[in-house]
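In what follows, a structure is listed as structure tokens, so that the remarks can point back to it.
Read the numbers this way: they start at 1 and go in the same order the structure lists the ligands and their atoms.
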Amino acid sequence: MTDNYQLIAPGPVQVPPNVLKEFAKPMIHHRTPEFTQILKESKSLLKAAFATENEVFCLSATGSGAMEAACVNLVECGDKVICINSGKFGERWRDMARILGAQVIEIKVSWGESLNLSILEKTLKENTDAKVLFTQMCETSTGALHDIKGVKDLLNKNAPDCLLAVDAITGLLTAPLPMDDWAIDCIVAGSQKAFMLPTGLSFISLSARAKNKCYSCRSPRYYFDLRKEFEASEKDQTAFSSPVSHIRALKIVLEDINSSGGYNQLFSRIAKRARLTRLGIEALGLSLFPLKPAPALSVVVLPENIDGKKLRSHIEEKYNITLMGGQADLAGKIIRIGHIGYLNDSNVLAAVEALAKALLDFGHPLNIEGALDSMKAELK
Ligand SMILES: *Cc1c(COP(=O)(O)O)cnc(C)c1O
């Protein structure tokens, strides 16, 4: 892989060069006034990113670690919980809750579809005693977007005591998800998605009532016991050794977002990449998989005679671009193109061009020039 390598996936993503430099800086101890100041500033920037006054904790774990932290602090044996399962990551919430002994009410959503709110309403009416509802904002395995505000409104109406926990690992920083305004009880996010950082750091925030549940919850936990984080936070510390480099880099990313127009500008940059990609895909005569696509990625349905696994490797080997394939039932059938991370217009064009050229290499004829021209026209 040369200097021209392009990583255009829905996570991990390309990291801005100035942010990468943060990882080369000399190490400092995490219990020093210097690091304490950095942590304080990073956490205050994180609160703005979550649009919350609640504490936001940084965990030294990938996104799934933050999901597990949400579960062990909010769910105990016997609790009834509702899990929206619309793909690979929805399955993860369900499996985690089951391991803790929860009674899981699963709402299965066909892959590629978004949650049907009238089905949710019916389920809530039958399960007004549910303790937590777990959902994704964006189901990254299918590219589908769920209507989190719609979910919250239904909870308010039908099961107001039920907590709402959102896996926003590819949702946060791609579209509005105001934690306080929408009264979301728990949001988890991860560094290697729209936060434009390397993998390994995740974020979690709890509302006041989720914090209460965390303190009364009887599930056994040690490393992910968020009570330890609440206490450490009072001293502007993390409970365990802080991931110093990641937290320094986080501060740079969030400051740069602020100085380049703030979150709404970031959302529109991502939306523009999505629009451009989808225009190119449709101009090629290909179709998009999810009915209501999320901003973080576009999922392309491959022609039936194409082996998607081979195609994906070919794109990497010949065009030096990593796009992602599908998982489980979608393995070999789709290509996922990311719109998050450090990307510019030429990366977006390159992703569509490489996909089209690879399809041509595999004997599937397409009007590549036409598609690229329509994308370029949109850029003007
Ligand atoms: C990436 C992702 C995860 C898993 O994150 P890891 O960092 O791989 O643990 C969970 N949920 C969603 C929606 C994701 O996109």
* **Pair H29 + F35: ring centers closer than 6.0 Å** => no
* Asked: Does some non-hydrogen atom of R92 fall short of 4.0 Å from ligand 1?
  -> yes
* **Any C138 heavy atom less than 4.0 Å to ligand 1** => yes
* Look at ligand 1 and say whether Q192 reaches it with a heavy atom at a distance under 4.0 Å. => yes
* **Those atoms of ligand 1 less than 4.0 Å from some heavy atom in T140** => 12 (C), 13 (C), 14 (C), 15 (O)
* **Element-labelled atoms of ligand 1 that are located less than 4.0 Å from some non-hydrogen atom of G63** => 5 (O), 6 (P), 7 (O), 9 (O)
* Side chains of L197 and V19: closer than 4.5 Å at any heavy-atom pair? -> yes
* Which atoms of ligand 1 are found less than 4.0 Å from any heavy atom of T62? -> 6 (P), 7 (O), 9 (O)
* Asked: Which residue pairs satisfy the salt bridge (Lys or Arg N to Asp or Glu O under 4.0 Å) criterion with at least one member in residues 260-280, sequence neighbours excluded?
  -> K272-D345, R275-E378
* Hey, are the side chains of I340 and F195 touching, using non-hydrogen atoms and a 4.5 Å cut-off? -> no
* Of the non-hydrogen atoms in L154 and L117, which two are nearest, and what is the gap between them? -> CD1-O, 3.2 Å
* Asked: Donor-acceptor pair, T142 side chain versus G87 backbone, under 3.5 Å?
  -> no
* **Close aromatic pair by centroid cut-off 6.0 Å: Y223 and F240** => yes
* Identify, for atom 11 (N) of ligand 1, the protein heavy atom at the shortest distance, and state residue, atom and that distance. => D167 OD2, 2.6 Å
* To do: Identify the protein heavy atom lying closest to atom 1 (C) of ligand 1, giving its residue, its atom name and the separation to 0.1 Å.
  => K193 NZ, 1.5 Å
* Which residue holds the protein heavy atom closest to atom 3 (C) of ligand 1, what is that atom called, and what is the gap in Å? -> F89 CE2, 3.3 Å
* To do: Nearest 0.5 Å please: distance from the CE atom of M179 over to the CG atom of D185.
  => 7.0 Å
* To do: Below 4.0 angstrom from a heavy atom of M67, which ligand 1 atoms are there? Numbered from 1 as shown, please.
  => 10 (C)
* Under 4.0 Å from any heavy atom of S64, which atoms of ligand 1 are there? -> 4 (C), 5 (O), 6 (P), 9 (O)
